[in-house]
2 protein chains.
Amino acid sequence: MPNTPPSPRRRGTARTDALLQVTLELAAEVGYAGLSIEAIARRAEVGKHTIYRRWPSKAALLMDALHRVWTTDLDHRDTGDVHHDLREQFVRSAAALSEPPIGPVYRAVIAEAQSDPALRAALDERFLHTVEQRTLDRIALGQRTGELRADMDLTFATEILCGGLYYRHLLTTRPVDETAIDNLLDMFMRAYATDPPPPDRG
Amino acid sequence: MPNTPPSPRRRGTARTDALLQVTLELAAEVGYAGLSIEAIARRAEVGKHTIYRRWPSKAALLMDALHRVWTTDLDHRDTGDVHHDLREQFVRSAAALSEPPIGPVYRAVIAEAQSDPALRAALDERFLHTVEQRTLDRIALGQRTGELRADMDLTFATEILCGGLYYRHLLTTRPVDETAIDNLLDMFMRAYATDPPPPDRG
């Protein structure tokens with residue numbers, strides 16, 4: 001690549017990435033309750049007002065930070081086999097949810113959201129909405145190619161796919177392992193796969 | 001009924017019921033973190049050791065208290081129509097989960113369980129296990145009568161039925177309403193109902 005200075009837009013993106021990274025690191029160290037915009041600004045060496053111009057609260061900032069890590073790692077593929085692509089993505093999601101940096105911070109955010117409706121709203125709107133959209137796009141594609149039934153409710157099927165294993169993760173001592181993922185996808189495919197399977201796409 | 005004094009066993013059950021009731025009341029007032037065996041014993045006018053003889057921790061006692069309210073209200077019926085019976089029970093469960101005495105206490109317990117593995121284990125073993133067993137029994141009956149497919153994994157189908165809407169309840173701002181329950185049951189019945197339907201049982 002030619003050795004030209006980065007564009008202002010690219011410098012802005014790099015600064016945002018650094019700020020979101022600092023936010024996650026600090027959240028992992030001090031927990032959600034101990035997190036503050038002041039401390040994030042200090043560690044990232046930016047002014048508080050620089051942060052407040054873009055994020056109304058630490059909840060919004062942290063959701064964007066989780067979102068950045070998540071969406072970098074967790075794209076859905078399109079191999080033409082919706083069951084395969086969902087499985088691959090869910091196995092990666094489950095690993096991310098149980099490991100740093102997302103795992104412990106995310107668990108703490110969900111806990112805090114039980115007594116903080118504004119945090120729950122930020123979680124829903126700034127994070128889950130985007131995660132769900134990716135799964136919705138993938139199963140909508142499966143509908144268009146004829147792998148999945150046209151009368152499937154996309155929104156609700158997405159919710160069960162994205163949310164179906166949180167019970168296991170948050171309320172039980174059972175692991176979110178590949179068996180659990182396979183069972184969920186088995187129910188989903190039994191309910192919504194077309195039968196007989198459609199002819200080859202190619 | 002003849003006016004005889006209650007048996008020792010019945011007096012013991014009444015005392016246990018009163019103690020569990022006090023536990024729930026106090027948890028609703030002070031939250032899980034503020035709850036103590038000492039305070040429960042004081043309000044119930046029993047000795048601390050009376051409680052510790054039967055419950056190893058406040059978590060265990062509170063799970064049994066939730067369990068008592070839950071199981072009093074939330075039996076599954078058997079009308080011969082598994083979809084109907086599940087729907088009726090889930091509509092009642094969803095109401096119970098969003099209202100006192102269970103609603104706020106239960107939400108707080110789940111939050112606390114994110115940083116307290118012993119509480120999560122108590123929640124799983126002393127409460128959810130019994131709730132799940134009732135749903136498992138009802139769908140196992142549906143298998144025996146031929147309404148549901150013999151190759152359904154009972155344990156996992158139960159988990160999705162009992163847990164599938166916790167994501168909505170805990171992580172989003174969407175209500176656990178009858179539409180959500182109907183969507184979950186629609187997926188379940190599409191996946192596991194026998195087709196064609198079995199002949200009448202009678």
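If you're wondering where the values come from, they're calculated on a predicted model, not measured in any experiment. A, B, ... follow the sequence lines: proteins, then strands. Residue 1 opens every chain.
- Note: A:Asp151 leads A:Asp186, A:Asp153, A:Asp151 in heavy-atom pairs under 4.5 Å with chain B.
- More than 12 heavy-atom neighbours from other residues, nucleotides or ligands sit within 6.0 angstrom of CD on B:Glu99.
- Chosen from A:Leu123, A:Leu128, A:Leu119, the residue pairing most often with chain B at heavy-atom distances under 4.5 Å is A:Leu128.
- Taking chain B as the reference chain and counting heavy-atom pairs below 4.5 Å, the highest number among A:Arg149, A:Met189, A:His129 is found for A:Arg149.
- Contact annotation for residues 156-178 of chain A against chain B (heavy-atom separation below 4.5 Å, listed by residue number): A:Phe156, A:Ala157, A:Glu159, A:Ile160, A:Cys162, A:Gly163, A:Gly164, A:Leu165, A:Tyr166, A:Tyr167, A:Arg168, A:His169, A:Leu170, A:Leu171, A:Thr172, A:Thr173, A:Arg174.
- A:Tyr192 touches chain B through its side chain: at least one heavy atom from C-beta onward sits under 4.5 Å away, while N, CA, C and O do not.
- Residues of residues 107-117 of chain B lying under 4.5 angstrom from chain A, judged on non-hydrogen atoms, are B:Arg107, B:Ile110, B:Ala111, B:Gln114 in numerical order.
- Of the listed residues A:Gly31, A:Ala191, A:Ala121, the one with more heavy-atom pairs under 4.5 angstrom with chain B than any other is A:Ala191.
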